[in-house]
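The structure under discussion appears below in the form of structure tokens.
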Amino acid sequence: MDSMTFVLFGSTGDLAKRKIFPAIYNLLLDQKIPRAFSVIGVGRQELTDVEFQSFVEQSLRTFSRRKPEDDSNLEEFLRIFRYCHLDVTKNEGYQSLLEMVQCREKELGIPENRMFYLSVAPKFFDVIALKIKESGLGSTKGWKRLIIEKPFGHDLKSAQDLNEKVSKAFEEDEIYRIDHYLGKPMVQNLEALEFANPVFQALWNNQYIANVQITASETVGVEERAGYYDHAGAIRDMVQNHMLQMLMMTAMQLPKRLTAKDIRHEKRKVMESLRPLRKDDVVKHVVRGQYGPGEIQNKAVIGYREEPGVTRSSMTDTFVAARLWIDDPFWKGVPFYIRTGKRMREKSTHIVIEFKNTVKDLYIAQNEKPVPNLLVIQINPNEGVSLQLNSKNPLKSGQIEPVTVDFSPDTKDVPEAYELLLFDALRGDSTFFVHWNEVESSWKWVQPILEAFEENLLPLHLYPAGSEGPEASRKLLEEDGFQWWLDK
Ligand code: NAD
């Protein structure tokens, strides 16, 4: 791996302390960082290097999956870090940042490879990218890369504007847009599951699959994020990015080679075939909901409109379910259902592939009721894969019953999403980062839904906290003769 400088904007923030420092530390323990590696934290607070290093240490002690037991490891790790105080909106400061970067490059013999990580509010993304260019930080003899967090835009237009500005300073292949769902081990495993197993690859099409269901449910409410969430809703917070990324990963066809270019090409083809929704059709295919008061794990919780920071008349969606169609020869006629919500009964991200029940009639004649085969991919918080098949039960006169074959991998000590993604970015592998054309096509697909929500063209269903979401979500599948699996 190339030696490099890692400049972290927003280094005193929540994401840095909960995810980024622990990820770098765990990579060091696994010897997955370069021999010469310099990290420069940038922030608005005035801190000395020693104070910053102690902030980093505290973050490891609190948030790292492996705690720093061995002090020599820890000291070696903290020595990598320096701090630069600057206001990202002002030109002053970028010059001292450049000098600090160059000084460390000289000390450590780093050939001007520079990674810039923007762990700051999205309003700063374009400002920082442009100032990196203007200040000379971006003029390197080595390579430069930019890692950006979500959200990338608030709608189609703002995403396009942002991209135009950022691409004045960085080429597309230098930009690593993080969608941390793409860092989840089971999402990364989808590709192997589909393509490394001929039994599944042969079935991965409309001849055998009846429908696909992608669920991301949370038990938490809006927490302290009302300021952001009340303007975003589940549609921007989850659907435009994470849900559509999981859809692309599930529906893509076998790439020519397992390279970033070919995998992203296949994902792009999925988005190009995704049937656009007209604003007037949104009501037929999309359900929006908002949680009311209820109970989560026997504890009473307040409704969304009572949450601090939320307006009492808020029409923000905390739940979205939708039916999508991919108009290509592989998926024609197979509905893909997505749903995501806050304050649901269970925290669970999973994908269910329901196979067509072609033998149903054969067994019904014998008074048997074989249920459909299901492939269930558990993504979070549990990771695993199970296949539900039909089998005769010899203890019940050979009656047909569903049996589950569980092939969950051992997930003890599995790296976290940020570790996997950061490692990929360090070695320049963009497979599990989001290309601009995926961002743009996702916003294009979502845009009519945003407009229909804003114009209230569809009802906002209230659902009790601790439930499976609105009844309308169940009906959406019932219309097609299906049901959500795994709801108890
Ligand atoms: P935060 O508010 O905790 O931290 C923001 C950081 O930016 C701080 O270090 C602050 O000092 C710095 N900052 C703010 N204004 C500045 C200025 N003018 N000059 C210099 N520095 C300035 O935010 P966060 O939760 O760490 O989120 C950072 C980014 O990551 C956001 O884009 C957010 O949407 C995204 N994100 C966060 C999480 C998370 O778990 N926290 C998850 C996914 C995505």
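We count ligands from 1, going down the list as the structure has it; atoms in each ligand are counted the same way.
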Do Arg66 and Asp413 sit within salt-bridge range, that is, some charged N less than 4.0 Å from a carboxylate O? no
Tell me which donor-acceptor pairs under 3.5 Å the side chains of residues 117-127 have, and how far apart each pair is, sequence neighbours excluded?
{"unit_1": "Tyr117", "atom_1": "OH", "unit_2": "Glu149", "atom_2": "OE2", "d": "2.7"}

Hey, are Glu57 and Gln53 close enough side-chain-wise for a donor-acceptor pair under 3.5 Å? no
Can you confirm if the aromatic rings of Phe81 and Phe21 lie within a centre distance of less than 6.0 Å? yes
Dump the intermediate steps for side chain to side chain contact (heavy atoms under 4.5 Å, CB included) on Thr316 and His231, then the final yes or no. CA-CA 7 Å; Thr316 297; His231 299 285; over 6 Å; no
Measure from every N or O atom of ligand 1 to the protein's N or O atoms and keep only the pairs below 3.5 Å, writing each with atom names and distance to 0.1 Å.
{"unit_1": "ligand 1", "atom_1": "3 (O)", "unit_2": "Asp14", "atom_2": "N", "d": "2.9"}
{"unit_1": "ligand 1", "atom_1": "9 (O)", "unit_2": "Gly10", "atom_2": "O", "d": "3.4"}
{"unit_1": "ligand 1", "atom_1": "9 (O)", "unit_2": "Thr12", "atom_2": "N", "d": "3.2"}
{"unit_1": "ligand 1", "atom_1": "9 (O)", "unit_2": "Thr12", "atom_2": "OG1", "d": "2.7"}
{"unit_1": "ligand 1", "atom_1": "9 (O)", "unit_2": "Gly13", "atom_2": "N", "d": "3.1"}
{"unit_1": "ligand 1", "atom_1": "11 (O)", "unit_2": "Thr12", "atom_2": "OG1", "d": "3.2"}
{"unit_1": "ligand 1", "atom_1": "18 (N)", "unit_2": "Asp87", "atom_2": "OD1", "d": "3.0"}
{"unit_1": "ligand 1", "atom_1": "19 (N)", "unit_2": "Val88", "atom_2": "N", "d": "2.9"}
{"unit_1": "ligand 1", "atom_1": "26 (O)", "unit_2": "Asp14", "atom_2": "N", "d": "3.1"}
{"unit_1": "ligand 1", "atom_1": "26 (O)", "unit_2": "Leu15", "atom_2": "N", "d": "2.8"}
{"unit_1": "ligand 1", "atom_1": "32 (O)", "unit_2": "Val120", "atom_2": "O", "d": "2.7"}
{"unit_1": "ligand 1", "atom_1": "34 (O)", "unit_2": "Lys150", "atom_2": "O", "d": "3.1"}
{"unit_1": "ligand 1", "atom_1": "40 (O)", "unit_2": "Arg18", "atom_2": "NH2", "d": "2.5"}
{"unit_1": "ligand 1", "atom_1": "41 (N)", "unit_2": "Asp14", "atom_2": "OD2", "d": "2.9"}

Salt bridge flag under 4.0 Å for residues Arg104 and Glu107: yes
